[in-house]
2 protein chains.
Amino acid sequence: MQTKLWTISELASELGMTTRAIRFYEDKGLLTPQRVGVNRVYNYQDRARLKLALRGKRLGFSLGEIREFLELYQLDMTKVPQMQFLLTRVQDKTNQLRRQQEDLAAMLQELEALEVECQDILRQQLKH
Amino acid sequence: MQTKLWTISELASELGMTTRAIRFYEDKGLLTPQRVGVNRVYNYQDRARLKLALRGKRLGFSLGEIREFLELYQLDMTKVPQMQFLLTRVQDKTNQLRRQQEDLAAMLQELEALEVECQDILRQQLKH
DNA sequence: GAATACATTGACGTTAACGTCAATAACAAT
DNA sequence: ATTGTTATTGACGTTAACGTCAATGTATTC
């Protein structure tokens, strides 16, 4: 079975980033695409990893954190000690994310209150 | 009535940051504390703004974005055109935050699935 | 009044995350 | 054969967000 492949500029334009950034991410260990000759070639999994990386960026994580995150998904799931380690790391991450969720919720609540306030004032003014 | 005041190093240690960072934020327009002689003095509102700024940082916003955010809270609520502008800006921000919330939820879901997977495997292994 | 503690401004250094060339190679189309 | 497109590596530049001195000032304590 032939799986779909992408060139670097295809991926870049699809995901709204530059080729430079993709190569940089590879430099930082987030990606390891195959090569055809000297050219990079990305498969479906590479693309998925890139998407995950971008999501991490949108959430404010550094490339180092994103790398750690991605590594969680490619450990050997058979060796017990590695599993123990992975489990605590995953739990750490989820805790961090839950704290972030609280921050987000608080910020949203305040903004929504401000929005209502704005609308009230505008309605008052427009009555005259 | 006397309101409580803080020195820069008090604020820094309370909020877990350096004095350098606080001065830097002032440089970027996030804060404008009063002075007693040459020394900076922070009131309750300054402190609240700093806390908001730190929350913004935890959510991955740049100091520029945080500044814009803080400015939403100190506009003149009486002038209609300013209100119109503020309202759309607030709505933009809340939309952005809602998208971020989706990203966060997705990430959390995947991690929680991974967590369950880990626990299953560990339980299997420990049965023997 | 000398030392200690905490403040100031100013300048330079640093790290992350790319942007921006430049030189070179492979390949396709004219 | 040359022009154009897309790729490569390498080097240097840039911005944000501080860190790290250094030189100086003021207030308190011994």
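The structure displayed is predicted, hence computed values, not measured ones. The sequence lines fix the lettering, A, B, ..., with proteins before strands; numbering per chain opens at 1.
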| Just checking, any donor-acceptor pair under 3.5 angstrom between side chains of R55(A) and Q100(B)? | no

| message | Side chains of Q74(A) and R49(A) only: does a donor on one sit below 3.5 Å from an acceptor on the other? | response | yes

| remark: Letter by letter from the 5' end, nucleotides 17-27 of chain C scores (B base, S sugar-phosphate only, - none; protein heavy atoms under 4.0 Å) BBBB-------

| E26(B) has an atom CD; how far is it from atom P of dT8(C), in whole Å? | 9 Å

| said: Just the rounded figure in Å: distance from P of dT6(D) to CD1 of I8(A). | reply: 14 Å

| Do any N or O atoms from the side chain of Q125(B) and from the backbone of T78(A) form a donor-acceptor pair under 3.5 angstrom? | yes

| side-chain N/O T7(A) vs dA7(D) OP1/OP2, d < 4.0 Å | yes

| request: Would you kindly give the CD-to-P distance between E68(B) and dA16(D), to the nearest whole Å? | output: 13 Å

| said: If the cut-off is 4.0 Å, is R67(B) near the phosphate of dA16(D), judged by side-chain N/O to OP1 or OP2? | reply: no

| In whole Å, what is the span from the OH atom of Y42(A) to the C1' atom of dT6(D)? | 13 Å

| Do the side chain of E10(A) and the main chain of T7(A) share a donor and acceptor less than 3.5 angstrom apart? | yes

| note | Rounded to the nearest 0.5 angstrom, the CZ-CG distance for R40(A) and L31(A) is 10.0 Å

| Hey, is the side chain of R40(B) poking within less than 4.0 Å of OP1 or OP2 on dA7(C), counting only N and O atoms? | no

| field | Protein-nucleotide distance (D27(B), atom CG; dA16(D), atom C1'), rounded to Å | value | 13 Å

| message | Salt bridge or not between K93(B) and E115(A)? Use side-chain N to carboxylate O under 4.0 Å. | response | no

